[in-house]
Structures are given as structure tokens and as C-alpha cells.
Undergrad: 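The following block contains the structure, expressed as C-alpha cells.
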Amino acid sequence: MLQADHMRAAETLARELNDSQLAWVSGYFAAKVSQNGSRTTAPPAAAAATILFGSETGNGKAVAQELAAQLGAQGIAATVADMANYKTAKIKREKNLLAVVSTHGDGDPPEPALPFFNFLLGSRAPKLPDLHYSVLCLGDSSYEHFCHAGGKLDDRFAQLGAQRLAAKTECDIDFEKPAQKWRASIAALLGKDTGLNMNGHSIALPGWENQRPRGDERKYGRKNPFTAAVLANICLTGDSPHRKTHHIELSLENAGMAYEPGDSLGVWPKNPSWQVRKTAKALGMSLDEPLTIDDEEAALEIWLRDKLEISQLTQPVLKRYSELCRDSDLSRLASDRNAAREFAHGRVAADLFSLHPLPEGSGAQALATLRRLTPRLYSLASSNIAWEDEAHLLVGVDKYSGIDGSELQGVASGYLSSLAEGDSASVYLHSNDAFRLPENDSAPIIMIGPGTGVAPFRAFMAEREERGARGKNWLFFGEQRRRNDFYYQSEWQVRQQQGLLHELNVAFSRDRKEKVYVQHKMREQSGRLWQWLQDGAHVYVCGNETRMARDVEVALVEVIASEGAMAHEAALEQLEEMRSSGRYCRDVY
Amino acid sequence: MANILPVAKDPDTLAENSSPVEKTKHDSRGLRGTIAEGLSDDTTGAISDTDTQLIKFHGIYQQDDRDLRTERAERKLEPDYSFMIRLRVPGGLVTAQQWLALDRAATDLTRTGTLRLTTRQTLQFHGVPKENLRPLIQSYNRMLLDSIAACGDVNRNVMCTPHPGLSAAHRQCHEAAVEISRRLLPATRAYHEIWLEKERIAGGPPETEPLYGRHYLPRKFKIGVAVPPANDVDVYSQDIGFIAVVEDGALAGFNVCVGGGLGMTHGDVRTYPRLADVIGFCEPQAAPDIAWHTAALQRDHGDRSERKLARFKYTVARLGIDNVIQELAKRTGFSLERERPVSFESRQDNLEWRRDAQGDWQTGVFVQNGRIGGDTPKLQSALRAIAELDCCHFLLTPNQNLLFTAMSDKDRCKVKKLLAKHGLATGGSSLTGLRRNSMACVALPSCPLAMAEAERYLPDLVTKLEELLGELGIADENISIRMTGCPNGCARPYLGEIGLVGKAPGRYNLFLGASYLGERLSALHSENLGTEAIFAILKDLLGDYARNRNDKEPFGDYLLRAGKTVPPAGPASFHHATA
């Protein structure tokens, strides 16, 4: 049937491609055949479609599922997704999108679909030139804004460059018939013209999409950070007076910065402008004055904003400054560790300069006593596969009072939390090979990450979902109050519903009379924890070292000792063995 | 007697076409479900979907702050869940000591810090976090109060015209209401086990539920007792209404009416509000039996496949009133006598200082939409101070107001002084007739059914109309205005001379033409009105009324006479606008 050289080419392919790649190739050729108009009766392979529904009452979902079944019967692979859980980053990769959406209240989309609508109607929505779509609108014509939400979606897709597969269909309360008609027309269109999406190159290849380009990643680094645009900055804790924790999404588009879950992002902070001005004033200098420190010249504003640590004092700084101003009181204080620490608490460089002023013109010398600003590392809360070209951070803002009653914030956390959408930050990747998901996707994992320590586990879960990892997942989380401090709560709940997060234990220390922490929850689950360990579970701990990770380790040793009926030393030894074999990993700070 | 109606199937078998809620009840092990497990799940402020159906039977609704939904979704948090608890207070009588305990519980254990008097003479806590449910329920249990069957497909809080001290007949009616409430309570111990932590929960011998069986009623069931001349309980809106017949100062018995109910669904013409039919007269002591057997009739013949059509009113309409009367007689073993003449004069509360039959004093305060605390901290602290005197009862009225009763002359002085100190006016005479007769349900942000504002909007609308009423010189006229956030009818809007029923944010359907005494329903006048349009229409109609009304002619009657609206003629009248 084949010529010899074609046969050889086929054999080479068969040898070199993996199974899923082969499967794709077979689909590719099958589609080619049908495209060429051959009379083969083989069904056209893989005209994939995604059916998105937004629904409050379940009608939309039912229509979506019926359409999927209808398409499936024609050999068209259709995936049904709820707008409430749909990963918006995926929309760029969709080829055929059928949307079913109801309208509520005053022309609004269903409540669960609001985030999806906000994304699509907002400035972050990508151009969708490759997308073919059609919208089915459900509504009630007795309302003023009949089928308004569906109409908005239909218009917006067109605006984003997508092509209408079929005109939108508006359904009244008795939606069955028009919906049936719409389904039939979609099925006919997709069935007839599968060549639509079989132009080869733009098809997502199973298995291949997971291999990220790593070529460019050395380009950016600590010394040469990438300028990442801020895509979103959400205060997860709202206006809670107790906690201020932000979820920040940065764009890594064109950075060539591929990363693995467990990696961190280095962030170069900047000092807030009020601090910059306060320091310049204390020095009696103007912001545009050029200044040379260590053979480096820059305007004062640049020094104060980007290069020097002006919001924290340390004993060495006090020492150097006291030598400079030859103040005996300050010298004495700077030589005593406790006294220096006490003095430094709540004081910033400007306070020091004002308390012990130097003669005019010694600004450069004064500033030379300060430390250089350094980058801070944040565990990445995102997976490269799940959110292409994005880096997500979970940032707990350190707040404390200055000596004059002003509110001070940690340099980097304060800086990050102040960024607005459209701002940018200087960042680089910091890999952490000691904190990696098991290579074996069927291995269970136990993740212990109270507070912002939960960040890498969001990345773990997203990565495992994308990989289709079958291993079981268990998360321990803790914070003060569930109502405002349960970071990524709705995402964990979705993963529970999807059956991806098998166990979730939480400890909120201020919600009930007794204060409970993650280690208490671990002890409560002692028997099952032991079972998981017996099943080969990897244990991950991320978060504060002194206030959490130590207690967690004590609890782990106790669990091993009591459940494994062994002496304390033997339990310790077993944990050490887990550590050295990579089954007990910590990312603590 | 031969069977009038088809014999009901085995009540404990789940029919194939049963609605999902029926299945939930069927599988609930006597209303236990997995509520106890849900309470100890700290990962969420909610409980499971099926359990949310079951806690209603314990007087609890799961809700969330809808104002915060979008913001919290962005913050990657679940909705701000909390719970509403409704007490069972037959006839609305609460002691001062009980009031103090309820007030403290509202302050310490809810997020709103408020108490809300309801249109069925009971009290609600709003914004109770899951962790506080047990402590709160235990706190009022210690004061001998409960919330059993305050919601759910059972007999709800039994209403009765206040107050028992007014006459011997009032006292007997109140006692009848309490007895009916007791007779129609579910038998399951689930409430005691789950909330009061009285062991069991699973295992043990099966419980019997003589009235309700395994599936309880198809839908909620409401009973009210009216003592003429007051129709404050809106007796014709009840599934069963008992209208006291007082002869020579004594209670002769009750006229019985059945098949009332106000809820409907926008756009579904199979649904409609309905007034109860009077089916006869019974002796005072027969009332609890009649209530029991009527509920049992509904249990056996109500629609269990479609919840929208499951209220008793649809059963009555489907079976025909004569069949209902015969079936009921078969079940009770006696026939009702011919109804006796009664007449109603008012639906309002008397909030003035006056002596009751025993010579004790009573008075009352107007409570806007029944809300105590929050925006009305002065009212809350005044009521607390009065309760601390421990010298009167607190009586919750069907109009969401509060009466203080059973005071001696000395008590009266003390209470008067306190009221003055807190700047709280009794009597309500300083209010316009419109505000005195205004009523709104809770709606947004906490009610999951609400489509529009009610409690947070009606007071503003009334304020705007009051200006107009003043100009027209009819500020003192009693005109009833009622608003709900959805068509289910908690504030009985179809019995208001002006009824506004929410359809979407800022949009209402306007119902007009009910009688002032609650003996005639209104009809849909116009749909989807915005707030400006509502005001414009009412401005015109009130102007006409001020100019052209007859002496003492109520607003609703005038609207009909002047042809501004038509009386309802069948279900369509509630779905198709006449304007």
C-alpha cells in the first residue's frame, strides 16, 4: 500500500514517538483523509469542543450535557465545563466553544459565572482569533433585560476576534425546543466541517504540551531581573483588622521563565515614597540630587527607593553610623546587642538621621552606612502548566507600629501589596530542587502548610491536576479565622468536589474556645497519617520555622512512634530516612 | 361512609415522581441526616445541600450575605455563610426573662446583633455562624423556648390575635393556639439529639411519627386563630384559619376556613395566591382535632412531585372544597355546623395604653419591619431595660410590632418612666397611617430567595410617600402597604392595599385593590416597575383617592370603585397586568 520510503518514515515515527503522540498522529491522518474528501466511513477524529455553561438553576448544565452527549455520539470529543470552575487561561487554546448561559435579575449572568464574565469582559481577556463559538441564551422574557448575559458574551467573543459558528439562540422559559434546535445545528456544523480545526500546527498535542521550552530561562536572574506586569492583586483577607494577605498574579509572558512547583520567585522590592521623602528630608537633601556611593552614581531618589534599606535598622548600621557621627551615647548603644535591637525596633533610617544629625553635605556618607536593599523570595503559588506565563504569589503583609505611631510594613510584602494592576515588578526565578512533587504520580502526598505556607501546595495541586496524577492528596491548613483567613478556600473546595483533594484538615485558632493548630489536627488523624506513610506518602511542610515547622515535626515523630509502636529514637531515625530519601521535604522560613 | 377520595398509597414508600426534597426527607432518619457531622466540619461555614433542607425542620435556614458574594468569590472564599434561626412561639407570648436571654443571645452569638419579629408572631436570629448554632439553641432551651418545626414541611408557628388578657375569649383562643401547636409537633427526637446533645443520633428503636410519617407534609403548613373584630393574623391567608365566634362575651367556637396561602411563582400560571374557604363552625375544643386531621388529609393528598404546587391550597382546589369537607368529616368523625356571623373591623395592632379584662395595663411600640438592633440600637436597649424590670410580658404581634402586657398600676409607672427616658413612643399615633400599616420581609442581603430589596427599601419609599400624603391631607388614613423581595409572600403582599413584589434588583410587580380588612386579594396592576415608576403611579392614585373618595372609604375599595384596578378573577389575575 505504501512506497518504501513512506513506510520507512512511518516506522521511524512509530519508533520515536510516545503513545500519546502516536495517538495524535493517527487522528491527524484520519482527519486529513476526511478533509481530502475521501469516501472513508471512518469518523473524523478529534474535532474537540468545549461546552461551557453558566447556570444557577441547573437548566444550563442540562442543555450543556445533552449537547455533549449528542456530539459524543458523532465522534466529536466534547468536554463540559462549569464557568464557575473553568480555568480562564485555557480559553486561548480553545478551538470550538459552545456557551450556554442564563440571565438573572437585572440582566446579570448567573452568580457562579461572575468571575468568568469579569475576566472575559475585562481588559485581561486575550484575543481569540482561532476560536469558533456559539452562544445559547436562557432567559425569561417577562424581564426587561431578556437574555442579556448571553448577548453580552456573544458580542464579546466577536469583539475578541472569534468567529461565530452559529448565531446566538435566545430561549424563553420553555427553552427545550429552541435549545434542541441549537444543539442540532451545532452538531451538524461541527460534524460536517471538522477540517475547521485540523490545520495541524495549532492542535494541542497530548503529552507534548507538558514539555515547556527551557531554552531562554538563563536570560533573567537575580542580577538581571525580568520586569513582570501585575495582572491582579487581590487582598484575600478583605478588610479584616487581623490579617492582610494578598494574592498577586504576575505576567511572565516572553520571559522564557519556566518553573516547577516548589520553586520561588525573587522579588526586588522598592521603598514606599513616603519613606523616601521622609529620609531625604531628614538628610536635608532634595530628591534629584546626584549622589555617589561605592563608585555608583544615581539620584538620591533612586538610592532611597531602589537601592538602600531605609525602613529597617540593624546593629551593624548603628555601629557604622555612630562611628560616622562620633556620638558616644549612640556608640555605647550600638555596641550592646539588646540595646541596639531595642532602639532599632520601630525606627527607620530617617529617625536615626534626625536624632543624630550630621553636618551638611555628609549625605553620601550617612547613606553608605545603610545596607543594600535585597530581594525577597516567595514560594510560587502557581503551576506553569495550569497558568501559562503567569506567576502567582501569596504574600502575608507584615504590619507593625513605628516609634511615632505610624504604620510600618515589611519592605517586600508592603511593596507587593501596594502594586496595582498594570504596575510592574522586577523578579527572577529561584529554583528549589529540595521541594519537588514525587516523580511517581501515583504516590500520595501530605501537605502541611498553615498561613502563607500553603502557597506551594496550590501549585502542587494544580500541577497534579494537569498531569492527571492519580496519587492521593492531603492538605493540612491553619490560620486564625475561617471566615477571612482561609486562603484559596473556594479552590480547595472545588478540588474536593473534583475528587482531587482527598483529605482536608483545617485548624482555625480563634474560631472556637480551644486554640487548635495544625499539629493538633495531625495528632487527631494519627492512625490515618500512619497509613498514608505506610502507603509511601511524601510529606511536605511549608511555612514558619519556629512557630510551626518545629511543632509539626514533633507531632510527626509522635505519630510515627505511637502508630508504628517504636521508640522515640527509632521514630526520629525513620523521619531522617524519609528526609534523606526525599520523602520529607520542608520549605521553611 | 364510602371513600370520597382515592385511598392514599403506603405513606412511607417514596413515589417514583417524588421531588428531590421528598427523597431527602425519606432518607433523613427522622430529620437527622448528617447534620451533626456537618457541624464539626471546620473547612466550611456551610452544611451539606441535603442537610440544608433538614435543618429547616429544626427552625434553621442556611443563608449567606449576598452583598458579599462577588467580593468573596474574588477573594477565593466561599460565600459568607451563616444561619437564621426562627423560634416557635405560639401566639407570640414571651416572658421578660425570656426576652433578656434572647436579647443576650442576639448580641453575643450572631453577626447582625439583631432580633427580628416576624409576620407570624415569632422571633428570628440572623447571621448565626455555624459554630454558634448549638450554644445559641441551648441558650434559649434553658429558657424553655425551642425552634422545633418553625420552618420546614410541617405545621409552622401558630398565630393568634393578641393578647390573652384582653378577654376570656382571647385567653381561650391563645390556649387553643398553644394546644394546636403542641398537637402538631413532630415526634422525632432529632432536635434534642443534634442541638441539645442528648445522645443517640443513630441506632436504637425506630421512632414513630403519627401525624407526619416518614415524609412529613408535602410543603409548609400554616394555622392562625383570629379573634374578631381583629383580623390581624390575616386568617384567610392560612392553610387553616380559626375565627373565634364570641357570643355573650364567651367563646362559642370557631368558624373554620381552609385552603388559604399566598405564595406563587413569577411566570408560572399554575401558581397563585388563594384565600381560605369558610367550611363551617366547630366547638372550641374540636379545633386541635380539626387541625390535626386537616394536616393529615394534606399529608395524604398533597402534591409531592412538584413543590411549587404542593401547598394545601392547591390540594383544596384540585379535590374541590366539598370533597375536602366530606373527607375531613370522615376523618374527625363529626360534621361541622353551619358557619356563624362574625365581622372584622381592623388588621392593626392597638398600641395605646389600655386596661385589659383583669384590669392590668398594656401598651405597645411600633417596630419598623420587626427589626430590633442594628440601625435601631435605642429600641434594643430600651426593650432590654424594660425586660430587666421583669414586670410585663412581651407579646409579638402579627404586624411585627411589640406589646407589653400584664402590668399593674405601679409597673405601668415604671415602664412609662423608662420609655420616656429612652425616648420611645408607644401607641404609634405619631406615625402616618401608611407607616403603621407597612410591612416588609427580610429579603436582601440574607434571604436566598430574594430577587429585590424589601426591608431595606420599604421605609424609604414610605418616607417619600408620606410627604405626598401630607400634601394631600390624608396622612392619618390607614392604607396598608406591603413589600416582599420575592413572590412567596412572607409579608402577605397580596393582602396589602398596595402590594409590591420583587422581581429583580430595583424592579417590582405592583398589586392593587385588596380590601383593608384582608377579605379580598389584590390583582397584578403593572409589572417590572422601577422605583420612579412606582412612585409616579402611586402618586396619581393617591391623588385621585384624596379627591374622590367617599367617607371612610378604604384605599383598596376606592381603587375598585373608580375602576383603577379590577378584583382578581382566577389565577391569571396575578400574572397578567391589568394596567
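Chain letters run A, B, ... following the sequence lines, proteins first and then strands; every chain starts at 1.
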Undergrad: Go through the atoms of B:D80 and report whether side chain, backbone, both or neither lie under 4.5 Å from a heavy atom of chain A.
TA: side chain
Undergrad: Picking from A:V506, A:N118, A:L236, which has the most non-hydrogen pairs under 4.5 angstrom with chain B?
TA: A:L236
Undergrad: Among B:T70, B:D268, B:D41, B:D42, single out the residue with the greatest number of heavy-atom pairs under 4.5 Å to chain A.
TA: B:D42
Undergrad: Tell me the closest heavy-atom pair linking B:T484 and B:A491, and the distance in Å.
TA: CG2-N, 3.4 Å
Undergrad: Flag the pair A:R243 and A:E479 as a salt bridge only when some basic side-chain nitrogen lies within less than 4.0 angstrom of an acidic carboxylate oxygen.
TA: yes
Undergrad: Among B:M451, B:E71, B:R72, who wins on heavy-atom pairs under 4.5 Å with chain A?
TA: B:R72
Undergrad: For A:R512, is it the side chain, the backbone, both or neither that has a heavy atom under 4.5 Å from a heavy atom of chain B?
TA: side chain
Undergrad: Can you tell me which portion of A:K521 sits under 4.5 Å from chain B's heavy atoms? Options are side chain, backbone, both or neither.
TA: side chain
Undergrad: Of the backbone (N, CA, C, O) and the side chain (C-beta and beyond), which part of A:L504 lies under 4.5 Å from a heavy atom of chain B, both, or neither?
TA: both
Undergrad: Checking heavy atoms, do the side chain of A:F508, its backbone, both or neither come under 4.5 Å from chain B?
TA: side chain
Undergrad: On the 0 to 90° scale, with breaks at 30° and 60°, tag the A:W387-A:H392 ring pair as parallel, tilted or perpendicular.
TA: tilted
Undergrad: Inspect the surroundings of CG in B:D108 and state if more than 12 heavy atoms from other residues, nucleotides or ligands are less than 6.0 Å away.
TA: yes
Undergrad: Determine, for A:K61 against A:D82, whether the closest basic-nitrogen to carboxylate-oxygen distance falls under 4.0 angstrom.
TA: no
Undergrad: If the test is ring-ring contact (aromatic ring centres under 6.0 Å, His included), which one of B:F511, B:Y314, B:F574, B:Y494 qualifies with B:Y272?
TA: B:Y314
